[in-house]
**Student:** 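Pasting in a structure now, in structure tokens, and then I'll have a few things to ask.
Counting from 1, the numbers follow the sequence of the chain as shown. Here the structure is a predicted model, which is why all the values come from computation and not from measurement.
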Amino acid sequence: MTATPPEPAAQVSPAPWIWGAGLISLCLFALDAWSPQFGWLARPLVWLGTLFHELGHGLAAMALGGELVQLAIYVDGSGVAVHRGVYTAFDRALIAAAGPLGAPLAGLALFVALGHRYAIRLLLILLAAFLALALLLWVRNLFALGFITALCVGLTLIAWRGDERTLYAVAAFLGVEMSLSAFSRMDYLFSAGAVTGAGTLPSDTAQIAEALGFSHWFWGGVLAIACLGVVAVGLWRALHLAAVRSR
């Protein structure tokens, strides 16, 4: 007597989720631009982009031997990463540059994970665990505590209970949104200062200019090219996945 082994379950294609995420994201950006009274619908995505921006600063500071003291996010979409350490001028420039690159790099990581069956679940679990650690060590303002706690719970539930379609949908949407945040904040790169919930502070490009010379306009152009380069790689990855898996 022989038995035919069961066929392995077919892998769900990420293609429709990538295209759907792109369409929804473009609609949200258009809504925010053309109907500001409905801009609150996209506000959580602004907070998410700010979170990755500030985490970029904080992680770079720690990688260069510094200490992340506090991470704050405010209702208006601004944020601050307070760190301390002994840095060279080049270190200070790298820490400042890591902020604008934070969200696009997060988007790229999500697109890379979309190409592997179990990588999305693992990435979401690791992200939730890291954010839980951030809550314990660095987050102090009330709004950020509530937002990041809700994000941790949501990511944990999706990673633990979500089926493959849900994982693809969430990862594709977040990947597209974090990539597009590079465009929504492009004007910030060419500003000398930034108004935040903690007051008016020098912009990232102004800090780079102070550390390395040249103007904040010059470094704004350099960072804009770098951000767009990361987005281009992520877009290529997303389109490649959509093309291969939809065949």
**Student:** Which atoms form the tightest heavy-atom contact between Gly56 and Ala98, and what is the distance?
**Tutor:**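 For Gly56 versus Ala98, the nearest heavy atoms are O-CB, 3.3 Å.
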**Student:** Count the heavy atoms of every other residue, nucleotide or ligand shown that sit under 6.0 Å from CZ of Phe214, and state whether that count exceeds 12.
**Tutor:**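 Counting other residues, nucleotides and ligands, CZ of Phe214 stays at 12 neighbours or fewer.
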**Student:** Measure from the side-chain N and O atoms of Thr205 to the backbone N and O of Trp219, and report whether any donor-acceptor pair falls under 3.5 Å.
**Tutor:**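 No; zero donor-acceptor contacts below 3.5 Å.
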**Student:** Name all residues meeting the ring-ring contact (aromatic ring centres under 6.0 Å, His included) criterion together with Trp160; count only those two or more places apart in sequence or in a different chain, and write none if there are none.
**Tutor:**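 Checked Trp160 against ring-ring contact (aromatic ring centres under 6.0 Å, His included); zero matches.
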**Student:** Got a second to check how far Leu45's CG is from Thr50's OG1, nearest 0.5 Å?
**Tutor:**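 Spacing of CG (Leu45) from OG1 (Thr50) equals 10.5 Å.
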**Student:** For His216, what residues pass the ring-ring contact (aromatic ring centres under 6.0 Å, His included) criterion, not counting sequence neighbours?
**Tutor:**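 Not a single residue meets the ring-ring contact (aromatic ring centres under 6.0 Å, His included) criterion with His216.
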**Student:** So, the side chain of Glu54 versus the backbone of Ala72: is there a donor-acceptor pair under 3.5 Å, distance only?
**Tutor:**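 Not a single qualifying donor-acceptor pair exists.
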**Student:** Side-chain heavy atoms under 4.5 angstrom apart, residues restricted to Ile, Leu, Val, Met, Phe, Trp, Tyr: same cluster for Leu212 and Leu223?
**Tutor:**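 Shared cluster, yes.
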**Student:** What are the two closest non-hydrogen atoms of Leu114 and Ala171, and how far apart are they?
**Tutor:**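 Between these two residues, the closest heavy atoms are CD2-CB, 4.0 Å.
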**Student:** Determine, using the 4.5 Å side-chain heavy-atom cutoff (strictly less than), whether Leu122 and Leu131 are members of one ILVMFWY cluster.
**Tutor:**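 No, no single cluster joins them.
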**Student:** Of the non-hydrogen atoms in His57 and Ala81, which two are nearest, and what is the gap between them?
**Tutor:**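 In terms of heavy atoms, the two residues are closest at CB-CB, 3.9 Å.
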**Student:** Give me the atom names and distance for the closest heavy-atom approach of Ile208 to Ala96.
**Tutor:**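 Looks like CG1-CB, 3.6 Å.
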**Student:** Membership question, hydrophobic clusters at under 4.5 Å side-chain separation (ILVMFWY): are Ile125 and Tyr168 in the same one?
**Tutor:**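 Shared cluster, no.
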**Student:** If I take atom CG from residue Leu127 and atom CG from residue Leu55, how far apart are they, to the nearest 0.5 angstrom?
**Tutor:**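 Spacing of CG (Leu127) from CG (Leu55) equals 8.5 Å.
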**Student:** Indicate the atoms forming the closest heavy-atom contact of Gly49 with Ala103, along with that distance.
**Tutor:**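 Shortest heavy-atom separation between Gly49 and Ala103 comes out as O-CB, 4.2 Å.
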**Student:** Keeping the roles fixed (side chain from Ser78, backbone from Tyr74), state whether a donor-acceptor pair exists under 3.5 Å.
**Tutor:**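 No: the side chain of Ser78 does not pair with the backbone of Tyr74.
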**Student:** Sub-3.5 Å donor-acceptor pair from the side chain of His53 to the main-chain atoms of Gly102, do we have one?
**Tutor:**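 Between the backbone of Gly102 and the side chain of His53 there is no qualifying donor-acceptor contact (under 3.5 Å).
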**Student:** Arg121 side chain to Glu164 main-chain N or O, any donor-acceptor pair under 3.5 Å?
**Tutor:**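 Checked: no pair found.
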**Student:** Applying side-chain contact (heavy atoms from CB on, under 4.5 Å) between Phe143 and each of Asp76, Ile148, Ile73, report the one that passes.
**Tutor:**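 Only match with Phe143 under side-chain contact (heavy atoms from CB on, under 4.5 Å): Ile73.
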**Student:** Using only atom types and a distance under 3.5 Å, with no angle test, would you say the side chain of Tyr188 pairs donor to acceptor with the backbone of Asp204?
**Tutor:**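 The answer is yes, because a donor-acceptor pair under 3.5 Å joins these two groups.
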**Student:** Below 4.5 Å, heavy atoms only, C-beta onward: do Phe52 and Leu174 meet side chain to side chain?
**Tutor:**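 The answer is no; the side chains never approach within 4.5 Å.
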**Student:** Honestly curious: do Leu157 and Leu151 fall in one hydrophobic cluster under the side-chain, below-4.5 Å linking rule?
**Tutor:**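 As far as the 4.5 Å side-chain criterion goes, Leu151 and Leu157 are not connected within one cluster.
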**Student:** Within the distance-only criterion (no hydrogens, no angle test), does the side chain of Ser203 pair as donor or acceptor with the backbone N or O of Ser191 below 3.5 angstrom?
**Tutor:**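 Checking the backbone N and O of Ser191 against the side chain of Ser203, a donor-acceptor pair under 3.5 Å is found.
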**Student:** Roughly how far, to the nearest 0.5 Å, is the CZ atom of Phe130 from the CG atom of Leu137?
**Tutor:**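 Interatomic distance, Leu137 CG to Phe130 CZ, rounded to 0.5 Å: 9.0 Å.
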**Student:** Same cluster or not: are Leu135 and Met62 linked, directly or through other Ile, Leu, Val, Met, Phe, Trp or Tyr residues, by side-chain heavy atoms under 4.5 angstrom apart?
**Tutor:**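 Leu135 clusters together with Met62.
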**Student:** With sequence neighbours left out, what residues match Glu67 under salt bridge (Lys or Arg N to Asp or Glu O under 4.0 Å)?
**Tutor:**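 Arg84.
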**Student:** Using the six-membered ring wherever Trp is involved, compare the ring planes of Trp217 and Phe190 and label them parallel, tilted or perpendicular (cut-offs 30° and 60°).
**Tutor:**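 Rings of Trp217 and Phe190: tilted, 30 to 60°.
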**Student:** Can you tell me how far apart CG (Leu108) and CE (Met178) are? Round to the nearest 0.5 Å.
**Tutor:**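 If we round to the nearest 0.5 Å, Leu108:CG and Met178:CE are 13.5 Å apart.
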**Student:** Write down the atom of Ala128, the atom of Leu155, and the distance for their closest heavy-atom approach.
**Tutor:**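 It is CB-CB, 4.0 Å.
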**Student:** Please determine whether the number of non-hydrogen atoms from other residues, nucleotides or ligands lying under 6.0 Å from atom CG of Leu136 exceeds 12.
**Tutor:**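 Buried by this count: over 12 neighbours within 6.0 Å.
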**Student:** When you measure from the side chain of Trp47 to the backbone of Phe147, do you find a donor-acceptor pair of N or O atoms at a distance under 3.5 Å?
**Tutor:**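 Not a single qualifying donor-acceptor pair exists.
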**Student:** Among Thr88, Val86, Ile95, which residue satisfies the side-chain contact (heavy atoms from CB on, under 4.5 Å) criterion with Leu64?
**Tutor:**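 So the option named by the test is Ile95.
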